[in-house]
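Worksheet: the structure to be examined is printed underneath.
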Protein chains: 2
Amino acid sequence: MTATIKDVAAAAGVGIATVSRVFSGNGPVGAATRERVLAAARALDYRPDAAARGLKTRAAAGIGLVLPDVADPFAAELAAGVLAAARDLGEHVVLDVTGGDPAREAAVVERLAGQRLGGVVAVPAGQDADWAAAARAGGVVFADRALAAFPHIPAVRADDAAGVRALVEYLTGLGHRRVAFLGAAAPGAAPGVRERAFRDALGGAEAVLVPARTSRDSAYGAAAGLLQSRPDVTAVVASGRLLGEAAVLVARELDLRVPADVSIAVIDDVPWAELCDPPLTAVARPARAMGRRAAELLARDPGRARPAAPAPLPTELVVRGSCGPPRGARGRP
Amino acid sequence: MTATIKDVAAAAGVGIATVSRVFSGNGPVGAATRERVLAAARALDYRPDAAARGLKTRAAAGIGLVLPDVADPFAAELAAGVLAAARDLGEHVVLDVTGGDPAREAAVVERLAGQRLGGVVAVPAGQDADWAAAARAGGVVFADRALAAFPHIPAVRADDAAGVRALVEYLTGLGHRRVAFLGAAAPGAAPGVRERAFRDALGGAEAVLVPARTSRDSAYGAAAGLLQSRPDVTAVVASGRLLGEAAVLVARELDLRVPADVSIAVIDDVPWAELCDPPLTAVARPARAMGRRAAELLARDPGRARPAAPAPLPTELVVRGSCGPPRGARGRP
DNA sequence: ATGAAAGCGCTAACAC
DNA sequence: GTGTTAGCGCTTTCAT
């Protein structure tokens with residue numbers, strides 16, 4: 001059995017409260033007594049029980065972290081940011097994954113709700129979970145995406161629109177006149193921020209919108225369809241790492257030279273971008289900073305919603321080698 | 001304020017114990033009463049407090065997960081495995097990172113010890129942490145590495161030796177007679193399993209051992225040194241993803257053609273292996289399975305050490321395009 | 001089938 | 001300074 005405060009008190013020959021004072025650092029304790037208590041505690045390998053403490057103080061502690069998938073590089077980076085902030089804050093973090101499934105997400109949120117957490121940062125998958133209740137209880141902040149159904153929950157986001165804009169300007173500056181957006185919304189559905197920013201930034205050039213879902217197969221199919229059927233597009237911007245992977249893979253299979261035959265850029269920088277041949281140009285989103293920021297938002301105003309739309313974090317256009325002047329164009333250098 | 005069991009009892013007009021029975025599923029409860037309680041609970045948005053429950057039942061709950069770095073692909077996969085197992089077990093997981101720093105690791109372990117955890121799975125960084133105490137308290141299982149100082153703590157590992165052996169056989173079968181191991185121990189230090197397996201498997205061929213630490217700079221320097229000063233080696237096996245990255249980068253910079261000029265293979269499959277050009281041959285270690293296994297080990301025998309050396313999990317040689325017959329050799333196809 | 005009461009390990013008044 | 005006491009929200013005998 002692990003030692004309790006009572007054991008320590010007995011061993012040190014003091015009252016139970018004194019031991020408590022020593023460890024919680026609250027009341028005053030004589031130096032000699034403190035030493036005796038500490039010694040006894042060490043001998044018994046005593047450690048205050050966080051749960052009991054929390055029960056008494058009614059203080060919530062810890063940060064919940066809800067991610068679609070830890071193994072995804074973006075999510076992992078974001079987690080690293082949350083972890084870093086948590087460490088500074090002296091909080092622990094409880095991690096849970098949803099697989100992007102709203103039903104699982106609801107279960108996860110339910111589970112987290114019983115955990116006396118100080119708050120949760122989540123990359124939400126769907127509206128199914130009772131985010132409102134969760135927010136009421138301990139404070140929630142979204143990261144990466146927001147949910148229209150929960151406008152009062154603050155969301156830390158990257159400035160994707162600016163990122164796309166910078167990328168498109170770069171591409172058109174290179175001379176591209178027909179560029180594709182890989183990962184558009186389905187024909188009927190509402191276009192996302194990236195897609196809108198893309199169209200808006202394109203100006204005179206032609207936008208080729210290629211719908212794709214975020215699954216390996218869909219990505220691959222979309223990329224293949226695009227690259228095969230539209231030899232006229234000279235550049236493609238892939239919306240997300242999966243689409244990016246699909247694009248370079250398909251280009252290679254089709255024996256398209258990058259960037260000579262087609263320029264490729266991806267939204268979301270990936271660890272292997274440098275290793276690609278040629279290295280992939282990307283708009284990097286500050287995943288780690290986003291995680292850190294989200295956790296800090298929680299701490300700053302525990303339990304209550306914040307301004308729902310903190311300023312988006314800046315993205316950065318990382319120019320590497322995968323984009324060049326269009327085929328046959330004499331790009332101005 | 002969040003509702004307590006008392007509130008629910010009052011609202012439902014029943015005793016506090018009845019509510020407890022309904023939620024813990026222990027004692028018998030009349031169907032009608034149960035309904036009333038459930039209704040009251042729903043109305044009050046009541047959720048049993050996990051901490052209080054744990055306090056009473058003295059049942060440890062939850063799995064601690066200690067990783068050097070969540071953003072590392074191997075660690076992230078391992079985490080995914082732990083998470084999956086935890087979900088099946090109905091446990092939550094508390095994640096903490098050490099940055100590979102033994103001092104931080106000690107702090108993390110100390111912190112986790114106060115958390116009434118059912119156990120912790122750790123990819124240990126050093127001996128500083130009081131793993132023995134942690135193991136005594138709740139059960140610890142290591143993953144990926146073991147610590148010689150704690151032979152009683154079980155460790156879930158991959159069969160690296162077999163993986164290396166398979167790789168070396170593949171390479172020598174291709175005709176290589178001089179192959180380098182990138183990531184050997186420092187001259188004085190004891191060689192690791194991989195390095196030993198490498199030497200043993202090489203048979204008649206010459207082993208070129210290149211020491212390197214696991215840092216970006218060291219990896220890069222070692223790779224550059226090797227590829228520049230030893231034009232006679234025709235194949236290099238990189239021990240870990242960092243070294244692998246360094247090898248392909250340096251090869252590219254030196255305008256070495258892979259695999260025509262030099263074959264490259266890496267221990268630890270990486271997500272971008274397919275995207276490399278040519279795709280990287282690798283020995284894949286089952287990170288996710290390791291995580292899952294570690295967590296399950298904890299559950300099977302909570303609180304007490306297991307056979308300290310469960311059978312290592314099998315690795316798999318994933319042959320892609322980065323290895324071929326050596327320069328000038330007429331490899332038998 | 002249900003309620004009353006006794007704690008789990010801890011902190012926070014309140015005495016001394 | 002230090003000890004005593006009353007709970008925090010829950011589970012669990014033990015009665016009823």
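Each chain gets a letter, A, B and so on, in the order the sequences are listed, and its residues count up from 1. What's counted below: heavy atoms across the whole structure, side chains too, no hydrogens, waters or symmetry copies. Computed from a prediction, not measured in an experiment: that's the story for all the values here.
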(request) Check whether any side-chain heavy atom of B:V123 sits under 4.5 Å from a side-chain heavy atom of B:V66, and report yes or no. (result) no
(message) Nearest 0.5 angstrom please: B:I5 CD1 to B:L44 CG, how far?
(response) 12.5 Å
(request) Would you mind building the protein contact string for nucleotides 10-16 of chain D? One character per nucleotide, 5' to 3', B for base within reach (heavy atoms under 4.0 Å), S for sugar-phosphate only, - for untouched. (result) BBB----
Would you mind writing out the side-chain donor-acceptor pairs for residues 143-150 of chain A within the sub-3.5 Å range, not counting sequence neighbours?
{"residue": "A:D144", "atom": "OD1", "partner": "A:R285", "partner atom": "NH1", "Å": "3.0"}
{"residue": "A:D144", "atom": "OD1", "partner": "A:R285", "partner atom": "NH2", "Å": "3.2"}
{"residue": "A:R145", "atom": "NE", "partner": "A:P124", "partner atom": "O", "Å": "2.9"}

(message) Side-chain N or O of A:T33 versus OP1/OP2 of D:dT2: is the shortest distance under 4.0 Å?
(response) yes
(message) So, taking the atom named CG in B:L313 and the one named CZ in B:R288, what distance separates them when rounded to the nearest 0.5 Å?
(response) 14.0 Å
(message) Please identify the 5'-most and 3'-most nucleotides of DNA chain C with any atom under 4.0 angstrom from a heavy atom of chain B.
(response) C:dA1 to C:dG9
(message) Treating A:S24 as the side-chain partner and A:S20 as the backbone partner, does any N or O pair qualify as donor plus acceptor under 3.5 Å?
(response) yes
(message) On DNA chain D, does the nearest nucleotide to B:L55 precede the nearest nucleotide to A:V14 from the 5' side, or the other way round? Give the residue.
(response) A:V14
(message) Using side-chain heavy atoms (C-beta onward) and a distance below 4.5 Å, is A:V94 in contact with A:H92?
(response) yes
(message) In the structure I gave you, are the side-chain heavy atoms of B:R157 and B:P310 within less than 4.5 Å of one another anywhere?
(response) no
Tell me which donor-acceptor pairs under 3.5 Å the side chains of residues 100-114 of chain B have, and how far apart each pair is, sequence neighbours excluded?
{"residue": "B:D101", "atom": "OD1", "partner": "B:A103", "partner atom": "N", "Å": "2.9"}
{"residue": "B:R104", "atom": "NH2", "partner": "B:V97", "partner atom": "O", "Å": "3.2"}
{"residue": "B:E105", "atom": "OE1", "partner": "B:A125", "partner atom": "N", "Å": "3.3"}
{"residue": "B:E105", "atom": "OE1", "partner": "B:G126", "partner atom": "N", "Å": "3.0"}
{"residue": "B:E105", "atom": "OE2", "partner": "B:A125", "partner atom": "N", "Å": "2.7"}
{"residue": "B:E110", "atom": "OE1", "partner": "A:R47", "partner atom": "NH1", "Å": "2.9"}
{"residue": "B:E110", "atom": "OE2", "partner": "A:R47", "partner atom": "NH1", "Å": "2.6"}
{"residue": "B:R111", "atom": "NH2", "partner": "A:G90", "partner atom": "O", "Å": "2.2"}

(message) Measure CG/B:L44 against P/D:dG9 and give the value in whole Å, please.
(response) 14 Å
(request) Rounded to 10°, tell me the angle between the two end axes of the helix from C:dA1-D:dT16 to C:dC16-D:dG1, each built from five pairs. (result) 40°
(message) Within the structure provided, determine whether B:D69 and B:F74 are in side-chain contact (heavy-atom separation under 4.5 Å).
(response) no
(message) Does anything in residues 79-99 of chain B form a salt bridge (charged side-chain N to carboxylate O under 4.0 Å, His left out)? List the pairs, not counting sequence neighbours.
(response) B:D88-B:R292
